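Keep in mind the model is a prediction, meaning the values are calculated, not measured. The figures here come from the full heavy-atom set of this structure, side chains too, leaving out hydrogens, waters and symmetry mates.
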Amino acid sequence: MNALDEYRAAARKRDVPEHLLDQALRLARPRLELRSMDDADAPVVGQYGGRPQLPPDVEWSGFPAFIASVDCAAVPVGDLDIQLPQDGHLLFFADNSEPSYDPEPTEDGRVLYVPAGTATTERAPSDENASYTFEQYPLRGRLDRFMPDTNNAVADQDTLRLIDPYVLDYMDETMNGELTLGGYASAIQHDPAPWPATGDDALILLAHADYHFVDTPSFSCAASWLIHPRDLAGRNFENVQLDIQAYM
């Protein structure tokens, strides 16, 4: 059973009208979940934690911390509604030390695109930053379509308000993987990437990760890497912004 089947089943248990359910399901967006699924049939498409493979001209001392990498050639990019590269690797970095209470996106994150064929070497963090390295394991990809919730800033808010009372249990049970690509942003305090993206300054969600802060492990982080659609289409990742929302 896929995510939309589960959503439909949860809604039907609460007697949501079929015409309203059909209308709501049009809001679903594709999202690739990258999880550490042991003994799964899903292909390995990335790496979580450990040490990054970096070109020799890229400086990195361990901050911001390396979170994960994705092999774009192993990702069904044509099935997503964002324009990921067809090959090469995307590497995601973020501050995983302690919560930031700045409500605006920060520059404490980074996305590096390494084109296919680029020479790289494994890079170790400095002794000062070594404690911020996450455990390494492979990530397996699963593509599915997921619904927004009422915290997401989508154009059709009326449908969300109508459908939400029926499916709260389903939404509470839906968890992100170690890394996700595309789809709706995790809107805990606010939605950092309203959909659809309109205007020259609009940002879309490139990727999302949940993790515990190293220095304050009682707090978890919902990290969202945001990018302008024009930059993603042009393979320009210099202006990626990081939205961090802490929760307990």
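Atom CG of D210 is separated from atom OG of S220 by 7.0 Å, given to the nearest 0.5 angstrom. The line from CG of L4 to CG of D144 is 6.5 Å long, rounded to the nearest 0.5 Å. To the nearest 0.5 Å, the span separating OG1 on T120 from CG on L112 amounts to 10.0 Å. Within the model, atoms CG of D22 and CG of L25 stand 6.5 Å from one another, a figure rounded to the nearest 0.5 Å. R26 CZ to T159 OG1: the interatomic distance, rounded to the nearest 0.5 Å, is 8.5 Å. The CG atom of N96 sits 8.0 Å away from atom CZ of F213, with the distance rounded to the nearest 0.5 Å.
Note on F93: it does not cluster hydrophobically with V111, by side-chain heavy-atom contacts below 4.5 Å among ILVMFWY residues. Under the 4.5 Å side-chain heavy-atom criterion for ILVMFWY residues, a single connected hydrophobic cluster contains both L54 and F66. At a threshold of 4.5 Å between side-chain heavy atoms, the hydrophobic network of Ile, Leu, Val, Met, Phe, Trp and Tyr places I244 and F63 in two separate groups. Residues L91 and V58 share a single hydrophobic cluster, defined by chaining ILVMFWY side chains whose heavy atoms lie under 4.5 Å apart.
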**Request:** Begin with the C-alpha distance, continue with both residues' side-chain angles, and end with the deciding distance and a verdict on side chain to side chain donor-acceptor pair (under 3.5 Å) for E33 and T180.
**Result:** CA-CA 5 Å; E33 294 197 319; T180 63; over 6 Å; no
**Request:** Give the intermediate values and the outcome of side-chain contact (heavy atoms from CB on, under 4.5 Å) for residues V75 and V70.
**Result:** CA-CA 8 Å; V75 171; V70 176; 3.5 Å; yes
**Request:** Please test N2 against R145 for side-chain contact (heavy atoms from CB on, under 4.5 Å), starting from the C-alpha separation and ending with a verdict.
**Result:** CA-CA 8 Å; N2 61 32; R145 298 179 67 85; over 6 Å; no
**Message:** One pair to check against side-chain contact (heavy atoms from CB on, under 4.5 Å): L84 and L181. What are the steps and the verdict?
**Reply:** CA-CA 9 Å; L84 291 182; L181 299 176; 3.9 Å; yes
**Message:** As a quick check of understanding, evaluate side-chain contact (heavy atoms from CB on, under 4.5 Å) for L139 and V44, giving each step before the final call.
**Reply:** CA-CA 6 Å; L139 292 174; V44 174; over 6 Å; no
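The existence of a salt bridge linking E178 and R35 is excluded, since no basic side-chain nitrogen approaches an acidic carboxylate oxygen closer than 4.0 Å. With salt bridges taken as basic N to acidic carboxylate O contacts below 4.0 Å, none links E6 and R8.
Using modelled atom types and a 3.5 Å distance limit, the side chains of Q245 and D243 yield a donor-acceptor pair. In summary, the side chains of D87 and H89 do not present any donor paired with an acceptor at a separation below 3.5 Å, with no hydrogens or angles considered. Side-chain contact, D191 with N152: a donor N or O sits under 3.5 Å from an acceptor N or O.
R31 contributes no side-chain N or O that, together with a main-chain N or O of G182, makes up a donor-acceptor pair within less than 3.5 Å. Put simply, the side chain of R29 gets close to the backbone of G183: a donor and an acceptor are under 3.5 Å apart. Side chain of Q53 to backbone of E122: a donor-acceptor contact under 3.5 angstrom is found. Remark: the backbone N or O of A65 is not paired with any side-chain donor or acceptor of R110 at under 3.5 angstrom. Looking only at distances, no side-chain donor or acceptor of H208 sits under 3.5 Å from a matching main-chain atom of L179. The backbone N or O of A130 lies less than 3.5 Å from a partner atom in the side chain of T133, making a donor-acceptor pair.
With a 4.5 Å cut-off on side-chain heavy atoms, W225 and L203 do not count as touching. Put simply, the side chain of L205 does not reach to within 4.5 Å of the side chain of Y184, judged on heavy atoms. Side-chain atoms of L27 and F146, non-hydrogen and from C-beta on, never get closer than 4.5 Å to each other. Within the 4.5 Å cutoff, the side chain of L32 has no heavy atoms near those of the R142 side chain. Between I82 and L232, some side-chain heavy-atom pair lies under the 4.5 Å cut-off. Inter-residue side-chain proximity for F219 and H212 is flagged as unmet; no heavy-atom pair is nearer than 4.5 Å. Between S224 and L206, every side-chain heavy-atom pair lies at or beyond the 4.5 Å cut-off. Annotation: side chain of F237 is in contact with side chain of L90 (closest heavy-atom distance under 4.5 Å).
For D200, the CG atom sits in a loose shell: 12 or fewer heavy atoms of surrounding residues, nucleotides or ligands are nearer than 6.0 Å. Open room surrounds CD on Q83; 12 or fewer heavy atoms of other groups in view lie less than 6.0 Å from it. Within 6.0 Å of CG on D5 lie more than 12 heavy atoms contributed by other residues, nucleotides or ligands.
Annotation: side chain to side chain donor-acceptor pair (under 3.5 Å) contacts of E18 (sequence neighbours excluded): R12.
Between P192 and H190, the shortest heavy-atom distance links the atoms CD-O, 3.4 Å. Considering every non-hydrogen atom in both V214 and Y132, the closest pair reads CB-CD2, 3.7 Å. Of all non-hydrogen atoms in G141 and V45, the two that sit nearest each other are N-CG2, 3.8 Å. Between A207 and F92, the closest heavy-atom pair is CB-CE2, 3.4 Å. Of all heavy-atom pairs between A197 and I204, the closest is CB-CG2, 3.5 Å. The shortest heavy-atom contact between C72 and P85 is CB-O, 3.3 Å.
Between Y48 and Y137, the ring planes are parallel. Angles under 30° get that label, and only those over 60° would be called perpendicular.
Counting only residues at least two apart or in different chains, side chain to side chain donor-acceptor pair (under 3.5 Å) contacts with residues 55-74 are absent.
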